[in-house]
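Report on the following structure.
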Amino acid sequence: MKNKKMNTIDVVKEELSMLNKNTKYTGLYITLFALAGGILPVVASLIPKIIIDYLTNQSSSETVVKAIIFLSGASLILSVISAVFNRLASVDFMGLRLKEYTKVTRKYQLIDYKYLEDSKFRDYFETATIALDSDNRGFEGLLNNFLRICPLFITIIALAVLLSFFNLWIVLACLLSASITVLTNKIYGSYVSKRKEESSKKYRQKDYYSRLAYDFSYGKEIRVHNLEKKLSKDYQNKSITYIKVVKDIANKKFGLGFLELLFVLFQDAIAYYLVIRAYFIGDATLGEVSFYIGAIIVLSTSLRSLADLISLLVKNASYSKTYFEYASDNKYFSERGILKALPEDEKLEIEFKNVSFRYPNTENYVLKNFNFTIHKGEKLALVGLNGAGKTTIVKLITGLFQVDEGEILINGININEFDKEEYKKMFASVYQEVNIYAATILENVIGTDKTEDEIQRGKDCLLTAGLGDKINSLENGYDTQLLKVVEDNGTELSGGESQKVAIARALYKGGNMVILDEPTSALDALAEAKIYESFNSLTSDKTSLFISHRLSSTKFCDKIALFSKEGLKEYGTHDELMAMKGDYYNMFETQGKYYKEGVEANE
Ligand code: ADP
């Protein structure tokens, strides 16, 4: 079912069948709503006829009173039925959409990381999930459109049959005018969908600048570096390109609306001419004229509503179709094996075998035929200039990206043979960018864990990471709420403190291998030394990988690998590399001098 060849009817069928599986009575609600809502306008258009018949002496006062009481009563009952079942069906529609939304959110976490960094994928994901983001667009919008179409069908068929007994041409004129509405809507719909991706891309770009302007975390930088002007100029430029797309779409709608109006006037002229003529030649009474005029108005508005609803449904189906395609496309989830994580006490050996890798949509390889081994229990420091590929190596080891050629082996096993979730368990990583959640400081480390043991371990990790003094200074200690986004009185941590929280998280998580990717860049040299010390004792038996700019922190590592843009340049122990008097030696000397000068200047 869910494949690229889905058309509108397939999408409607798919959604109705999902609805059927999810809820018991929605089919019944839709049927009752359709019947009540469909008959109601027909009943209502009979009332003026009955009154006029009475006024022109065509019926007795007793008949008219009975008829009016009956028709008004029927209208009331039908209105109540239609309102009640409309509501019940809509509630079921929303329930189903929210269920689907939860599914997407869960699945999103499993998407290969490389797609999350790819703006093309982000555009596609945004377009695909538009289907689920509101009750009147895409998935739920389509179900609501379908619900409204059902009674219209009944009204249209009933009135078309009644009117065709009087004069078939009137029905044909209404149908012609409605077909033009369908056609113009279709042209408009395909124009909008042709520009759909462009419009969501332009919107995303524009939105980026406006969000940035209000983003707390950028506030300082924007003010300090006077980026306001640049920001508002970029926002203006991107807004102009977005507005252009919106304008083009509005112009198209205006032109097509004009064509539609011409045909409505043509239909009205024919229909009213035929009704008035029938009266004058004696083919219709005044009461019948009023009924036919009422019926023409209801038929023509119902047809136009039907045309509008169908084009809305087609549009919503196209959102849903993109969503179904996305949801059933497994290319975003790379095939992985089923192996469980190795036992936590098993030391890891990581081997890069002829690995070549370049980022998606880029030309240059970051690694080319790269061969390298991190031995069991070894502490390895990766050093080198920015952009040499150190973080990329971490992303490959942790499985965020996959190699283009060659393979990465862990204790001789290709990393793709592990189950994705299991694989993650083997690594405790700390990165330079830290994301703090709006939760308590302890929850930031232990998440939803809640046993006494887990809580104690979480607290210990925060202490080991060097946050003891900070926590003691806080009124609510470990239960201090972080960030002001959710709680007004939330605490904002400094960059260094945030990094310590991230380090505590990694300590808490455990795993076979520790990876620190410049996690101490926001810490002062003393705090950094302390962190490394505690990590050193905690990771003494584990394979560990450290990326650091500060070479002083590489001294406690067993091996050092120095990377340049050309790849691995120097490899060995600290003493070996110093003896080589190569790049490592030069960097070490330069930094040492800088530190010394810094200390002297402070004295
Ligand atoms: P390092 O950690 O040594 O500073 P990185 O591994 O971050 O270096 O980067 C290596 C190269 O890959 C750089 O040229 C960088 O511009 C590029 N690069 C890093 N991340 C991405 C990405 N997501 N997409 C494209 N290129 C990237």
Side-chain angles (χ1 to χ4, degrees), residues 108-109 111-126 201 204-205 208 331-334 350 352 354-372 374 379-406 408 415 427-435 495 499 502-503 506 513-523 528 532 544-554 557 559-572 577 582-584 586-588 590-591:
Y108 186 76
Q109 306 305 324
I111 289 172
D112 285 356
Y113 183 79
K114 67 177 175 186
Y115 292 108
L116 306 188
E117 287 200 350
D118 178 355
S119 63
K120 264 198 198 136
F121 170 78
R122 285 206 303 271
D123 283 341
Y124 176 51
F125 179 78
E126 222 160 84
K201 181 176 177 177
R204 185 173 54 75
Q205 293 175 332
Y208 166 75
K331 91 168 182 230
Y332 303 110
F333 311 92
S334 53
I350 317 275
F352 281 67
N354 280 324
V355 167
S356 295
F357 172 78
R358 62 179 169 186
Y359 283 96
N361 309 317
T362 61
E363 291 278 308
N364 298 329
Y365 280 91
V366 181
L367 300 175
K368 189 80 190 151
N369 295 327
F370 180 61
N371 288 292
F372 189 71
I374 307 172
K379 290 190 188 338
L380 175 75
L382 294 185
V383 299
L385 297 177
N386 273 339
K390 305 179 295 292
T391 301
T392 305
I393 289 175
V394 170
K395 286 177 180 170
L396 289 173
I397 293 176
T398 49
L400 293 179
F401 284 86
Q402 286 193 292
V403 299
D404 295 314
E405 286 156 39
I408 300 175
I415 61 171
F427 302 94
S429 332
V430 186
Y431 300 102
Q432 193 173 359
E433 326 83 56
V434 177
N435 288 312
Q499 282 192 327
I503 288 165
M513 179 169 179
V514 175
I515 297 176
L516 304 190
D517 185 353
E518 294 196 45
T520 52
S521 57
L523 300 180
E528 182 190 42
Y532 277 117
S544 315
L545 190 61
F546 299 88
I547 300 183
S548 177
H549 264 110
R550 296 199 187 122
L551 296 191
S552 54
S553 60
T554 58
C557 287
K559 288 279 167 58
I560 294 152
L562 184 137
F563 283 82
S564 74
K565 288 264 183 202
E566 289 74 44
L568 182 62
K569 206 157 174 210
E570 292 174 17
Y571 176 74
L577 295 194
D583 283 358
Y584 181 80
N586 287 335
M587 280 167 82
F588 199 85
T590 316
Q591 285 198 2

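Just so you know, ligand 1 is whichever comes first in the structure, and atom 1 is the first atom listed for that ligand.
At a 4.0 Å cut-off, not a single heavy atom of G384 sits close enough to ligand 1 to count as contact.
Those atoms of ligand 1 that come under 4.0 Å of a heavy atom in K390, given as number and element, are 1 (P), 2 (O), 3 (O), 4 (O), 6 (O), 8 (O). Ligand 1 places these atoms under 4.0 Å from at least one heavy atom of L385: 3 (O). For ligand 1, the atoms closer than 4.0 angstrom to any heavy atom of N386 are 4 (O). Residue contact check: V366 has heavy atoms under 4.0 Å from atoms 10 (C), 11 (C), 12 (O) of ligand 1.
The closest side-chain heavy-atom distance from S356 to V403 is not below 4.5 Å. Contact of the T392 side chain with the F357 side chain is registered, since non-hydrogen atoms from C-beta on lie closer than 4.5 Å.
Between T362 and ligand 1, a contact under 3.5 Å exists for no N or O pair. Of the polar atoms of A388, at least one N or O is found under 3.5 Å from an N or O of ligand 1, judged by distance alone. Backbone and side-chain nitrogen or oxygen atoms of F401 are examined, and none is located within less than 3.5 angstrom of a nitrogen or oxygen of ligand 1.
Put simply, atom 13 (C) of ligand 1 has protein non-hydrogen atoms near it, under 4.0 Å away. Protein heavy atoms are found inside the 4.0 Å sphere centred on atom 1 (P) of ligand 1.
For the ring pair (Phe, Tyr, Trp, His ring centres under 6.0 Å) test, residues two or more places apart in sequence or in another chain that qualify with F352 are F370. Applying the side chain to side chain contact (heavy atoms under 4.5 Å, CB included) criterion to R204, with sequence neighbours excluded, gives S119, R122, D123, E126, K201.
By the criterion of a heavy-atom distance under 4.0 Å, neither the backbone nor the side chain of D517 is placed next to ligand 1.
Here the heavy atom of the protein found nearest to atom 23 (N) of ligand 1 is E117 OE1, 2.3 Å. Given atom 15 (C) of ligand 1, the protein heavy atom at minimum distance is G387 CA, 4.9 Å. When hydrogens are left out, the protein atom nearest atom 6 (O) of ligand 1 is T392 OG1, 2.5 Å; that is the closest non-hydrogen contact. In terms of protein heavy-atom proximity, atom 7 (O) of ligand 1 is closest to T391 CB, 3.7 Å. For atom 22 (C) of ligand 1, the closest heavy atom belonging to the protein is Y359 CD2, 3.4 Å.
Shown here for F546 and C557, the closest heavy-atom pair between the two residues is CD1-SG, 3.7 Å.
Residue Y332 holds its OH atom at 11.0 Å from CZ of F125, rounded to the nearest 0.5 Å. Of the inter-residue distances, the one linking F401 atom CZ with Y113 atom OH reads 6.0 Å to the nearest 0.5 angstrom.
In this structure, R358 contributes its side chain and V366 its backbone to no donor-acceptor pair below 3.5 Å.
Side-chain polar atoms of D517 and T391 form a donor-acceptor pair below 3.5 angstrom.
Partner of Y571 under the ring pair (Phe, Tyr, Trp, His ring centres under 6.0 Å) criterion, chosen from F563, Y584, F372: F372.
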